[in-house]
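Just so it is clear, the values below take in all heavy atoms, side chains as well, and ignore hydrogens, waters and symmetry mates. Just so you know, these numbers come straight off a predicted model, no measurement behind them. Quick note: residue numbers are just sequence positions, from 1.
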Amino acid sequence: MVKHAPNSLIREIIRAAGGHDADLKDLAARYAPADIVRVLLDEITTRCPAPVNDVPVLVELAVRAGDQLFPTYLYVLKGGAVRLATKDEAFVAMRVEYELGELARELFGPVRENVTGVRRTTLFPYVTDAQSEGEEGSGAEHIGTHFLAAQQGSQTVLAGCHSHKPDLSELSSRYLTPKWGSLHWFTPHYDRHFSSYRDQQVRVLEIGIGGYKHPEWGGGSLRMWKHFFHRGEIYGLDIVDKSHFDAPRITTLRGDQSDPDYLRSIAEEYGPFDIVIDDGSHINDHIRTSFQALFPHVRPGGLYVIEDLWTAYWSGFGGNEDPKQYSGTSLGLLKSLVDSIQHEELPQAGGHRPGYVDQHVVGMHLYHNLAFIEKGTNAEGGIPPWIPRDFETLVAVSSGGHE
């Protein structure tokens, strides 16, 4: 099993990267620089886009911490992921030098779109005497092929080091999730509602990791959220063991979303969450149970998201094809939240006592098969009781009693 850096160290790096230079210096003083560098390297390899170079290349990434230098070689080749390597696996295409604090800030700090001067690069065109000699033109052709590979491989690694923010449609395609371009078209909505959280040190829980019982399937959404929320911690819940997807900033949990006690226990241990996404069984009763158990553990200002609302119409998932028969479905839940948002306007004579959901749902956005529920304090105050409740009296008062 791969041994990952402890979450406590990753949280400290993220916190320091979002603070002042003094925070980064304090971080380097409290932790071994080599341990910090390992965290940064893991982040870089997961963020690098798919390589396009046909010739294997190495990019030397040298991280300086005071008087210490930590050089590492990254292997880049089309058809595989960027990984750590030894110097003799391929030719060295480029050397990239970062100061430890600058690289930490670039990866885990708030995004800086126009920063310059945070790195030093040296590109090494590659050619050997044996390969440059021979038939006329062969040396030039060889130089051109390897120079192109050097550029392509270097660009791949530099993209992984940069704080550029790709949109979720691009990330969904990269990590092979069905949230855009196949079954669904969710990512533009996610981009709109998640953009304000992107630079925050969020905790995100997604119910449903995907792949069902197939061990190699699924996990794409977790990797997508990790890349998108570059300062966040991602938790995935599934009824099947998906621990092989565990990685720095990704923690998988095994359990049943229809068990409210279990849901509350993980929320108490890993929450509170800034965002909860229900992409689990899609069984209507499970959706309602999960919301009731987890919504209290969403932070004020956070979001609760429900995907795949189509099951509200499918009897196999506990739905009903008659839209009027919605009380026990996911859509029935959402329709009840309309009343929850307006609970202060209910007639006092009715004896309604607001519950937790009434007091903390402050908004809702509904799209095709997708809903966003906003958490906050719903206590703005209703229309004052001295304002008439019937139309005739209201008109009379408004007109001063004259018709």
Side-chain angles (χ1 to χ4, degrees), residues 1-5 7 10-11 13-14 38-52 74 76 78-84 107-108 111 156-157 159-184 186-191 194-195 197-212 214-238 240-254 270 273-280 305 307:
M1 179 177 293
V2 178
K3 185 178 180 180
H4 300 298
N7 284 334
I10 298 172
R11 291 190 194 109
I13 295 173
I14 293 172
R38 277 193 288 272
V39 172
L40 303 184
L41 286 171
D42 179 85
E43 188 70 24
I44 290 167
T45 56
T46 60
R47 289 195 197 182
C48 287
V52 297
L74 300 175
V76 189
K78 184 177 180 180
V82 175
R83 60 173 175 80
L84 302 184
L107 292 172
F108 291 122
V111 171
T156 297
V157 171
C161 295
H162 190 248
S163 61
H164 164 68
K165 298 191 295 186
D167 66 31
L168 275 171
S169 297
E170 177 185 339
L171 293 178
S172 180
S173 298
R174 178 186 300 187
Y175 296 111
L176 302 178
T177 84
K179 296 187 188 296
W180 183 81
S182 55
L183 294 176
H184 306 299
F186 293 161
T187 51
H189 304 308
Y190 274 125
D191 262 319
F194 285 178
S195 61
Y197 302 87
R198 193 160 191 180
D199 271 345
Q200 299 180 26
Q201 198 170 345
V202 296
R203 294 186 181 185
V204 179
L205 170 66
E206 181 163 33
I207 303 172
I209 296 176
Y212 302 97
H214 196 291
E216 297 179 0
W217 294 356
S221 290
L222 301 183
R223 292 190 289 268
M224 178 180 72
W225 298 132
K226 174 183 175 179
H227 196 144
F228 184 82
F229 296 109
H230 66 285
R231 309 186 68 223
E233 296 178 32
I234 312 302
Y235 298 88
L237 170 65
D238 204 283
V240 176
D241 180 14
K242 298 289 183 178
S243 58
H244 51 285
F245 291 127
D246 284 352
R249 299 200 295 119
I250 294 179
T251 301
T252 61
L253 309 167
R254 185 178 184 183
Y270 299 103
F273 301 108
D274 299 272
I275 295 170
V276 174
I277 303 166
D278 187 346
D279 187 20
V305 185
E307 292 190 3

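- Side chains of I277 and F194 form a contact here, defined as non-hydrogen atoms less than 4.5 Å apart.
- Judged by distance alone, the side chain of K242 and the main-chain N or O of G210 form a donor-acceptor pair under 3.5 Å.
- Of all the heavy atoms in P248 and K226, the pair that sits closest is O-NZ, 2.9 Å.
- Evaluation of the salt bridge (Lys or Arg N to Asp or Glu O under 4.0 Å) rule for D199 yields no partner, not counting sequence neighbours.
- For the pair S243/R254, no side-chain contact is recorded, criterion being any heavy-atom separation below 4.5 Å from C-beta on.
- At least one side-chain heavy atom of F228 sits less than 4.5 Å from a side-chain heavy atom of D191.
- Here the options are F245, W225, Y270, the test is ring pair (Phe, Tyr, Trp, His ring centres under 6.0 Å), and the partner is Y235; only Y270 passes.
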Could you go through the side-chain contact (heavy atoms from CB on, under 4.5 Å) check for R249 and I10 one step at a time?
CA-CA 8 Å; R249 299 200 295 119; I10 298 172; 3.6 Å; yes
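- With hydrogens and angles disregarded, a donor-acceptor distance shorter than 3.5 Å links the side chain of D238 to the backbone of I209.
- Salt bridge present: K179 and E206 bring a charged side-chain N and a carboxylate O closer than 4.0 Å.
- In this structure the side chain of L171 never reaches within 4.5 angstrom of the side chain of W180, judged on heavy atoms.
- Between T177 and T187 the shortest side-chain heavy-atom distance does not fall below 4.5 Å.
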